[in-house]
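To find a chain, count down the sequence lines: A is the first, B the second, and so on, and within it residues start at 1.
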There are 2 protein chains.
Amino acid sequence: MVQIKDVAKRAGVSVASVSRVLTGLPVVSEPTRLRVLAAVKELDYRPDLAARRLRSRRSDTIGLVVSDIRNPFFTEVSRAVEDVAFSRQMRVILCNTDEDPNKEASCLELMRDEKVSGVILSPSLKLLSHFTRADYGFPIVLVDRYERGIEADAVLLDNFDAAYRLTEHLLANGHRQIVFVYGAESATGRQRLEGHRAAMVKHQLPVQAEGVKPMEDQAREAALAVLKRSPLPQAVIASSGLILLGVAEALRATRTVIPRDIAVAGFDNLPWTQLVEPGLTVIAQPTYDMGREAIELLLQRIATPDKAMRQLVMRGELIERGSSAARQHT
Amino acid sequence: MVQIKDVAKRAGVSVASVSRVLTGLPVVSEPTRLRVLAAVKELDYRPDLAARRLRSRRSDTIGLVVSDIRNPFFTEVSRAVEDVAFSRQMRVILCNTDEDPNKEASCLELMRDEKVSGVILSPSLKLLSHFTRADYGFPIVLVDRYERGIEADAVLLDNFDAAYRLTEHLLANGHRQIVFVYGAESATGRQRLEGHRAAMVKHQLPVQAEGVKPMEDQAREAALAVLKRSPLPQAVIASSGLILLGVAEALRATRTVIPRDIAVAGFDNLPWTQLVEPGLTVIAQPTYDMGREAIELLLQRIATPDKAMRQLVMRGELIERGSSAARQHT
DNA sequence: ATTTAGGTTGTAATCGACTACATGTTTTTT
DNA sequence: AAAAAACATGTAGTCGATTACAACCTAAAT
């Protein structure tokens, strides 16, 4: 195993100089720098990360704590985070919480043990409700979930605005009786409900909301119940991609024709939403960008810990497809 | 910062005893063990991982190297790997290669630097073609991709069998002119082509294969070209979920009706395959189980490095849906 | 010519845990 | 009862880097 003293010997300098070159300190002369780099290359020296981390108290590692990496939103975020981290020679450690506060606490403890430089976190509702930055030894950037007034960096969709515009779109196309199926245990779901509510109230229409647990089968059951109503509502909105999937399954199971029998709209522009006839109208989130912004924000926070907290609120894009087409007068 | 000597003092023992208790060595008496554990709890002591790793030369970390975590197959595998690792107090480090041999080499180098206990790898075609276990300082388990005769642990689908059965299913339903759209740059795609070929040859039918790059838009273009043919083939098989998506997009864009105009079948039982009318017939892979088996295999390999290599070949499940319904005689 | 400042370099201490070895104690064997 | 074996524990060295500090050299300032 070649180590730093071998490099030092080869380059004819002390270990301190080698270390200075490798950590990028600007206190080495150009000639020594070049000789060290040459020796490193000749010997194919790789610094021992454990030793480096022990002494320097830093790990150059980013933690990513999400409910479930299989959620396409988080998958995309993780890819963005990994891309940026990789380009900066940093590592990513992943942890799934399943929305379980205990597992979430374990994950954050794990991150503390790893002495991560920072964490990108999608918090459970419970953690979000009493989030305090001082509780952790590392900076945190929240993604997807955030509540007004919390002192934390965050990257999220403008949920209120997105749901408001989606609702306005349906209303403009003549749909009046709208059922809003949303994730009741999620801050995001609730904020989207508020945006929907605001649009409905503005048009003096009643709000029909169905809160579900954030699982596909739950959403399907809720949607099936809605579809048993008589008369059928004129439209249904799903507050997330997962719920939209459940709704689509229910519609297919009951042979309900979109948009003739009922109009549909939802969140998350997943690949399949354009495949389901006649194409599902959705709010697209800039997921990859959100992940990228989250880690950039985190890296800035690590560099300058005392600047004021920032929230990056991103705008969703309304993608109109056949599922929300104008209502035919009957 | 509370450290091991604080615990030792509190428990009235030496640091060696504390270390022995914490690393689970069976050479401590029960009384001291209990007193150490009590002291650990009272002080909320957390061992410094960097120090531990430096001295012990082990990291208790697993590397996961895949082409793209956004591929649902790998997403699911990563979730399984993370679950098992988490339950054993191990970490997972993720790296995406984009099928680029250079990035792949960087990822594996990164894993070496991290002194991972082992790696779960989905190799590029190039790496697979001259894979040698001795090239790395850690054990490797291959997932999804494997070639006969390679001396390596692996977990994969029985691709030949799955494609064979899928083809037999289409043939049994009366489809004769079948186009097989497959990922030409993937070992998996090629193996599936061989299975398809075997079934066609057995029935003395010609093989029509279209190799594409493993990207959705490439598959769509290829499928569009196929759909321009006159007469239209009677069925199309997609050798992966990604390609199936491209095919489905092409069919929708051309308003081709499944299965009246053309029958469809493919791989990967993704949530949306049952949503596309009239439901797409697919081979389902036991993805989560494959991930679980992969890390279990890896942990066994770490425990006993010298046992013979093992390949776990799993059987795909044929899920028949409307897209491959029996051909109407004309 | 002497002092001062600024820039380079090297020596040695240090990070915090694991573990080889030595030592002491108890149990078993002869 | 003595010797050997087995077990339990402690002391101190070690893992391989970073970095505080001191020492040195050169150039600028007095």
Side-chain angles (χ1 to χ4, degrees), chain A residues 1-40 43-61 89-91 110 112-117 137, chain B residues 1-40 43-61 89-91 110 112-117 137:
Chain A
M1 178 88 260
V2 36
Q3 52 198 61
I4 199 170
K5 59 185 172 203
D6 302 319
V7 177
K9 193 169 293 176
R10 176 99 181 203
V13 298
S14 72
V15 293
S17 293
V18 177
S19 175
R20 287 184 189 109
V21 170
L22 264 39
T23 52
L25 289 180
V27 292
V28 270
S29 68
E30 196 57 16
T32 41
R33 208 179 73 85
L34 293 176
R35 286 167 60 203
V36 167
L37 290 178
V40 165
L43 299 176
D44 189 30
Y45 167 67
R46 323 266 342 172
D48 185 297
L49 294 178
R52 168 177 283 185
R53 288 170 182 163
L54 171 59
R55 184 59 234 249
S56 69
R57 326 289 299 131
R58 304 183 309 108
S59 71
D60 287 338
T61 297
Q89 320 249 54
M90 300 183 84
R91 316 287 182 254
L110 182 158
R112 181 160 62 93
D113 289 350
E114 290 284 348
K115 294 204 171 47
V116 294
S117 306
Chain B
M1 180 88 256
V2 34
Q3 52 196 64
I4 199 171
K5 60 184 170 202
D6 303 319
V7 177
K9 193 169 294 176
R10 176 98 181 203
V13 298
S14 72
V15 294
S17 293
V18 177
S19 176
R20 287 185 189 109
V21 171
L22 264 39
T23 51
L25 290 179
V27 290
V28 272
S29 69
E30 195 59 15
T32 43
R33 210 179 71 84
L34 293 176
R35 286 166 61 203
V36 166
L37 290 177
V40 165
L43 299 176
D44 189 30
Y45 166 68
R46 323 258 351 166
D48 185 297
L49 293 178
R52 167 176 285 185
R53 288 170 182 163
L54 171 58
R55 185 59 235 250
S56 70
R57 326 289 300 131
R58 305 183 309 109
S59 71
D60 287 337
T61 297
Q89 319 249 56
M90 300 184 85
R91 315 287 182 256
L110 183 158
R112 182 161 61 94
D113 289 350
E114 289 284 348
K115 294 203 169 48
V116 294
S117 307

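Across all strands, B:Ser19 comes closer than 4.0 Å to base atoms (heavy-atom distances). Backbone-only contact: A:Ser17 has heavy atoms under 4.0 Å from sugar-phosphate atoms and none from a base.
Whole-Å rounding puts the A:Arg55 CZ to C:dC15 C1' distance at 6 Å. B:Arg53 has its CZ atom 24 Å from the P atom of D:dT14, to the nearest Å. One can place NZ of A:Lys5 at 14 Å from P of C:dT11, the figure rounded to the nearest angstrom. Following rounding to the nearest Å, A:Leu54 (CG) and D:dT18 (P) show an atom-to-atom distance of 11 Å. Spacing between atom CG of A:Asp6 and atom C1' of D:dA17 amounts to 13 Å, rounded to whole angstrom units. Protein atom CZ of B:Arg52 is 18 Å distant from nucleotide atom C1' of D:dG16, rounded to whole Å. For the pair B:Tyr45 OH and C:dC18 P, the interatomic distance rounds to 6 Å; values are reported in whole Å.
Among D:dG16, D:dT18, D:dT9, the nucleotide with an atom closest to any side-chain atom of A:Met1 is D:dG16. Taking every side-chain heavy atom of B:Asp48 into account, C:dG16 is the closest of D:dT9, D:dT19, C:dG16. Comparing C:dA17, C:dG10, D:dA17 against the side chain of B:Gln3 picks out C:dA17 as the nearest. For B:Ala51, the listed nucleotide lying nearest its side chain is C:dA17; candidates were D:dT9, C:dA17, D:dG16. Proximity note for B:Ile4 (side chain, C-beta onward) versus D:dT9, D:dT18, C:dC18: the nearest is C:dC18.
At most 12 non-hydrogen atoms from other residues, nucleotides or ligands lie less than 6.0 angstrom from CD of B:Gln89. With a 6.0 Å radius and a threshold of 12 heavy atoms from other residues, nucleotides or ligands, A:Arg58 has its CZ atom at or below the threshold.
Side-chain atoms of B:Arg20 come within donor-acceptor range of the base of D:dG10, with a qualifying N/O pair under 3.5 Å.
An OP1 or OP2 oxygen of D:dT9 is reached within less than 4.0 angstrom by a side-chain nitrogen or oxygen of B:Ser29.
A salt bridge (charged side-chain N to carboxylate O under 4.0 Å, His left out) with B:Asp48 is found for one member of A:Arg53, A:Arg57, A:Arg112 and no other, namely A:Arg57.
Without hydrogens or angle criteria, B:Ser19 side chain to B:Val15 main chain gives no donor-acceptor distance under 3.5 Å. At distances below 3.5 Å, not a single donor-acceptor pair connects side-chain atoms of B:Arg91 with backbone N or O atoms of B:Thr61.
Summary of the strand contacts: B:Arg57 and B:Val13 both lie near DNA chain D, and taking for each the nucleotide with the nearest heavy atom, the more 5' one is attributed to B:Val13.
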